[in-house]
Number of protein chains: 2
Amino acid sequence: MSTATIMKYKKMDAQDIQYLRSIVGEDYIFVGEENIHDDYSGDELAGIERYPEVLIYVKSTDEIAKVLKYANENHIPVTTRGQGTGLVGGAVALCGGIMLSTEKMNRILELDEENLTVTVEPGVLLMDLTAFVESHDLFYPPDPGEKSASIGGNISTNAGGMRAVKYGVTRDYVRGMEFVLPNGQVMNFGGKIVKNSSGYSLKDLIVGSEGTLGVVSKLILKLLPLPKNKLSLLVPFQDLSTAIQTVPEIIKSKNIPTAIEFMQGEVILAAEEFLGKKFPDNSSDAYLLLQFDGNSKEELEAAYEKVADICLECGALDVLIADTDERHDSIWSARGAFLEAIKASTSHMDECDVVVPRNKVSEFVIYTHKLQEQYNMRISSFGHAGDGNLHIYLLKDQMDQKTWNEKAGEVFEKMYQKAFEMGGAVSGEHGIGFAKIPYLEEEFGKEGMELFRRIKLAFDPNEIMNPGKLGSNYKVNLYAC
Amino acid sequence: MSTATIMKYKKMDAQDIQYLRSIVGEDYIFVGEENIHDDYSGDELAGIERYPEVLIYVKSTDEIAKVLKYANENHIPVTTRGQGTGLVGGAVALCGGIMLSTEKMNRILELDEENLTVTVEPGVLLMDLTAFVESHDLFYPPDPGEKSASIGGNISTNAGGMRAVKYGVTRDYVRGMEFVLPNGQVMNFGGKIVKNSSGYSLKDLIVGSEGTLGVVSKLILKLLPLPKNKLSLLVPFQDLSTAIQTVPEIIKSKNIPTAIEFMQGEVILAAEEFLGKKFPDNSSDAYLLLQFDGNSKEELEAAYEKVADICLECGALDVLIADTDERHDSIWSARGAFLEAIKASTSHMDECDVVVPRNKVSEFVIYTHKLQEQYNMRISSFGHAGDGNLHIYLLKDQMDQKTWNEKAGEVFEKMYQKAFEMGGAVSGEHGIGFAKIPYLEEEFGKEGMELFRRIKLAFDPNEIMNPGKLGSNYKVNLYAC
């Protein structure tokens with residue numbers, strides 16, 4: 001099971017196309033590289049390009065079931081895709097075959113205010129979901145930077161986002177799902193129920209499984225009442241390590257903010273240039289950005305005043321308060337543009353989405369600064385200081401390809417080893433996809449990877465789902481499958 | 001894979017005993033029915049009795065690993081047991097073999113206030129954990145009625161408890177675990193990290209797996225700051241359905257209490273008799289018991305006043321406030337005694353721990369009242385109105401065994417069918433164990449049970465862990481294994 005065999009999938013032929021066309025309809029199938037938009041050959045970052053043989057847009061659970069059953073019987077690989085906003089190649093069709101887009105399954109099916117749930121199709125965009133529930137005075141807390149991602153994509157990587165400090169991650173908000181197994185069988189796991197101890201919790205396993213076990217066709221998500229008040233603090237510091245070392249002190253004080261982000265001055269400058277808008281302050285080398293929410297204004301004020309005091313005691317230069325919606329939104333929209341801003345500042349980049357215990361963040365960031373000097377390579381970072389999830393970008397700039405490949409490989413290797421030593425993990429929220437498989441192997445070892453593989457095969461014995469990713473034969477030869 | 005084969009395990013012999021003795025030491029091994037306390041042959045309710053061949057107390061991860069490796073190589077079944085407070089036979093050694101007690105692994109290893117985690121061995125009692133973290137002004141929210149359960153047992157069933165309405169269940173508080181696979185390999189899943197998207201989330205699968213995949217040897221649990229204020233409302237109603245129909249209105253109002261319990265007057269009377277203590281009020285047929293917590297007294301008051309108004313609008317006879325620690329604790333300790341009180345009131349009983357969407361609770365309870373009349377059988381219930389998890393007890397009283405078996409079987413069948421029609425599930429928090437396997441099969445069908453079985457085999461290919469439970473060959477013949 002552990003040896004590297006080369007999967008040989010069926011090459012799709014006219015008969016396959018004809019069958020798929022009969023299921024999804026003439027207008028929802030695109031065949032061959034020349035007819036498929038190049039968006040569908042990659043994602044936002046992973047730097048790997050591969051076209052599917054066929055792109056189809058499914059519109060119902062029944063269509064998904066029929067497509068999977070056929071693919072399973074004919075040994076055709078299937079890669080599910082939401083909005084393709086991933087960063088690690090998770091939705092790239094490494095072995096060709098069928099790309100199953102859920103973009104047209106974007107209906108919000110039911111808001112149930114008595115059970116505080118919303119039922120949606122997987123293609124609904126995160127920003128549409130958020131706007132919808134907030135218009136009903138309800139709250140879907142997961143808040144990844146990429147608001148145009150689909151909720152199905154968020155499920156596939158167990159997306160986290162800014163508010164994880166207080167509210168947890170996507171998995172915590174999935175109450176139930178309809179799920180299509182690779183053989184076309186439609187299953188239901190969980191429901192509108194709040195508790196469940198009925199069999200292995202497969203829904204919790206499927207969240208974060210990156211499309212390798214089957215296809216999520218419907219979701220029942222948990223909502224909370226929308227907090228009535230929110231407020232942000234922007235806190236400048238002389239340097240990044242002073243800023244980050246403040247975070248464990250905040251956590252220890254038991255005043256838990258909704259979000260605690262750290263940012264470097266240079267990233268703010270890049271965001272200002274990218275957006276053509278000014279940030280409230282850009283004069284310092286490092287910042288913490290904190291958000292608080294709650295129903296009682298008094299409680300909110302007590303919490304932020306306490307935290308502001310802690311910041312000042314720990315060396316903050318100032319504490320700027322954003323207590324209007326406008327100022328609040330302007331700061332957080334700048335924060336949301338960091339990734340694109342860094343991307344626009346260089347010729348090419350690659351990322352590390354490592355997560356470490358939150359009291360180790362400062363030590364880790366200082367380590368990346370050492371690597372920056374040692375390898376003479378620009379390394380930009382920002383991230384979730386409050387939950388230990390860092391986004392660290394290696395920038396190619398003017399480097400030639402060979403130097404870049406060598407240096408980036410060595411720097412990644414060192415960063416992941418450092419994270420493992422600290423009790424961290426490869427990915428906090430972006431997933432493993434194709435790009436991070438070697439590091440996952442370092443984290444879990446042969447025994448762990450074989451366990452993943454047996455889980456994969458329990459769902460997908462013919463290995464049609466998203467080959468080359470989690471639980472697949474991860475040494476798959478890209479160009480021979 | 002789906003056909004019922006009879007597992008044949010090795011009967012333990014002198015050599016096996018000698019090896020186990022060399023691992024755990026002379027004082028920690030008990031051999032044969034005559035030397036094993038009868039507590040270890042059953043649990044608190046399931047009504048099934050079976051002695052293990054050998055009872056051992058493990059003291060370390062290393063001992064667990066050595067025992068499992070040996071059992072796996074020699075095909076000896078292993079049943080892990082915490083405090084044996086289960087209700088569905090989950091920790092009964094159906095096929096004999098080794099009973100592995102974690103009672104001696106009861107150390108609290110580390111409190112990490114910077115990461116808000118506590119690291120414990122699986123044998124720590126829930127009440128000891130709670131007292132320890134609260135003495136540090138921290139909070140472990142899961143709050144099952146049975147405070148003398150071990151935390152390992154709570155993990156095995158994904159225990160829920162009273163506070164699930166606001167805080168969720170055990171799984172939501174497991175950040176990481178050390179886990180011993182049946183082959184003796186020690187794995188680590190998760191950690192002190194807040195986010196994780198690194199491979200299949202096996203820790204979330206293991207929570208709720210009822211000891212069928214391996215042995216949890218260490219846990220890293222998430223803590224919250226301890227809320228500064230709490231307060232309870234005891235709300236009498238003329239009848240139970242009026243009481244329960246109030247709950248969706250409370251949820252819709254977006255003032256989420258920590259707990260919402262419902263209780264019948266007759267259960268309160270039984271608890272008073274059992275405890276020899278008076279409840280603050282026992283004159284009504286039905287009650288809601290609500291708890292609120294929070295850091296701001298103003299917010300707490302605003303929330304409970306709003307909810308009290310809703311109760312009165314919905315037909316409450318009165319609203320009694322318990323705002324001192326003493327009154328608060330007296331009400332909740334009576335609530336904690338319900339199960340034992342009902343048990344003491346009858347010759348024998350069996351339970352249904354069904355969970356339904358919370359707006360269906362009233363309809364479900366009315367249905368059980370109809371069954372009570374139809375079958376002329378006492379049916380007592382209490383439970384978590386706020387999260388849809390009901391505890392319904394069929395009481396044997398003076399019935400002869402044959403009538404009881406027939407009637408109880410029919411009533412259970414009808415109740416579970418009703419729950420499934422409502423989008424509910426077999427168990428909200430007690431698990432499936434041995435007693436509820438047939439109903440799990442009804443919920444998931446052949447396809448679902450086979451998927452469970454393949455998951456089981458991915459971890460435990462020799463099927464040594466807790467045979468006859470989740471994912472095992474569930475038609476195992478008890479007396480031929």
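Predicted model, so just to flag it, every value in this text is computed and none were measured. Letters go in sequence order (proteins before strands), and every chain restarts at 1.
Between Pro227(A) and Gly294(A), the closest heavy-atom pair is CB-N, 3.8 Å. In terms of heavy-atom proximity, Phe459(A) sits nearest to Leu205(A) at CE1-CD2, 3.7 Å. Taking each heavy atom of Lys297(B) and Asn229(B) in turn, the nearest pair found is N-ND2, 3.9 Å. Across every non-hydrogen atom of Met465(A) and Asp460(A), the tightest pair is N-OD2, 2.9 Å. Between Pro225(A) and Phe139(A), the shortest heavy-atom distance links the atoms O-CB, 3.7 Å.
Legend: residues meeting side-chain contact (heavy atoms from CB on, under 4.5 Å) with Thr157(A), ordered by chain and number and at least two apart, are Ala159(A). With sequence neighbours excluded, the residues that form a side-chain contact (heavy atoms from CB on, under 4.5 Å) with Asn466(B) are Thr79(B), Thr212(B), Lys469(B).
Both the backbone and the side chain of Ile455(A) come within contact range of chain B, with heavy atoms under 4.5 Å apart. Heavy atoms of Ile250(B) lying under 4.5 Å from chain A are absent altogether. Only the side chain of Val169(A) comes within less than 4.5 Å of a heavy atom in chain B; its backbone stays farther off. Of the two parts of Asn196(A), the backbone and the side chain both hold a non-hydrogen atom closer than 4.5 Å to a non-hydrogen atom of chain B. For Leu224(A), no part sits under 4.5 Å from any heavy atom of chain B, backbone or side chain. Contact of Tyr439(A) with chain B is not made at all, since no heavy-atom distance falls under 4.5 Å. With a 4.5 angstrom heavy-atom cutoff, Ile432(A) touches chain B via backbone and side-chain atoms both. When heavy atoms are compared at a cutoff of 4.5 Å, Asp137(B) approaches chain A by way of both its backbone and its side chain. Neither the backbone nor the side chain of Ile206(B) comes within contact range of chain A; no heavy atoms are under 4.5 Å apart. In this structure, no portion of Leu226(A) lies under 4.5 Å from any heavy atom of chain B.
Distance check: Ile155(B) CD1 to Arg171(B) CZ gives 9.5 Å after rounding to the nearest 0.5 Å.
Put simply, of Pro248(B), Gly208(B), Gly191(B), Ser201(B), the one with the most heavy-atom pairs under 4.5 Å next to chain A is Ser201(B). When Glu113(A), Lys203(A), Arg358(A) are compared by the number of non-hydrogen pairs under 4.5 Å with chain B, Arg358(A) comes out ahead. For the set Ala164(B), Gly424(B), Ser198(B), the entry with the most heavy-atom pairs within less than 4.5 Å of chain A is Ser198(B). Interface summary for chain B: among Ser427(A), Gly431(A), Gly176(A), the most heavy-atom pairs under 4.5 angstrom belong to Ser427(A). Your options are Gly160(A), Gly168(A), Gly199(A), Ser209(A), and the one with the most heavy-atom pairs under 4.5 Å with chain B is Gly199(A). In terms of heavy-atom pairs under 4.5 Å with chain A, the best-connected choice from Ile193(B), Val247(B), Asp353(B), Asn158(B) is Ile193(B). The candidate from Glu210(A), Glu114(A), Glu298(A) with the greatest count of non-hydrogen atom pairs under 4.5 Å with chain B is Glu114(A). Interface summary for chain B: among Ile251(A), Asn359(A), Asn183(A), the most heavy-atom pairs under 4.5 angstrom belong to Asn359(A). Note on Lys192(B), Lys436(B), Met187(B), Gln185(B): by heavy-atom pairs under 4.5 Å with chain A, the leading option is Gln185(B). When each of His384(B), Glu443(B), His430(B), Glu249(B) is checked for heavy-atom pairs under 4.5 Å with chain A, His384(B) comes out on top. Interface remark: of the candidates Gly388(B), Gly423(B), Ala425(B), Ala425(B) forms the most heavy-atom pairs closer than 4.5 Å to chain A. Heavy-atom pairs under 4.5 Å with chain B peak, among Glu429(A), Lys456(A), Glu447(A), at Glu447(A).
With no hydrogens or angles considered, a side-chain donor-acceptor pair links Tyr167(B) and Asp293(B) at under 3.5 Å. A donor-acceptor pair shorter than 3.5 Å can be found between the side chains of Asn255(B) and Ser253(B).
A 4.5 Å side-chain heavy-atom check between Val426(B) and Phe420(B) finds at least one atom pair inside the cut-off. Between Ile256(A) and Leu116(B), the closest side-chain pair of non-hydrogen atoms falls below 4.5 Å.
By the neighbour-count criterion of 12 heavy atoms within 6.0 Å, atom NZ of Lys218(B) is sparsely surrounded, having that number or fewer from other residues, nucleotides or ligands.
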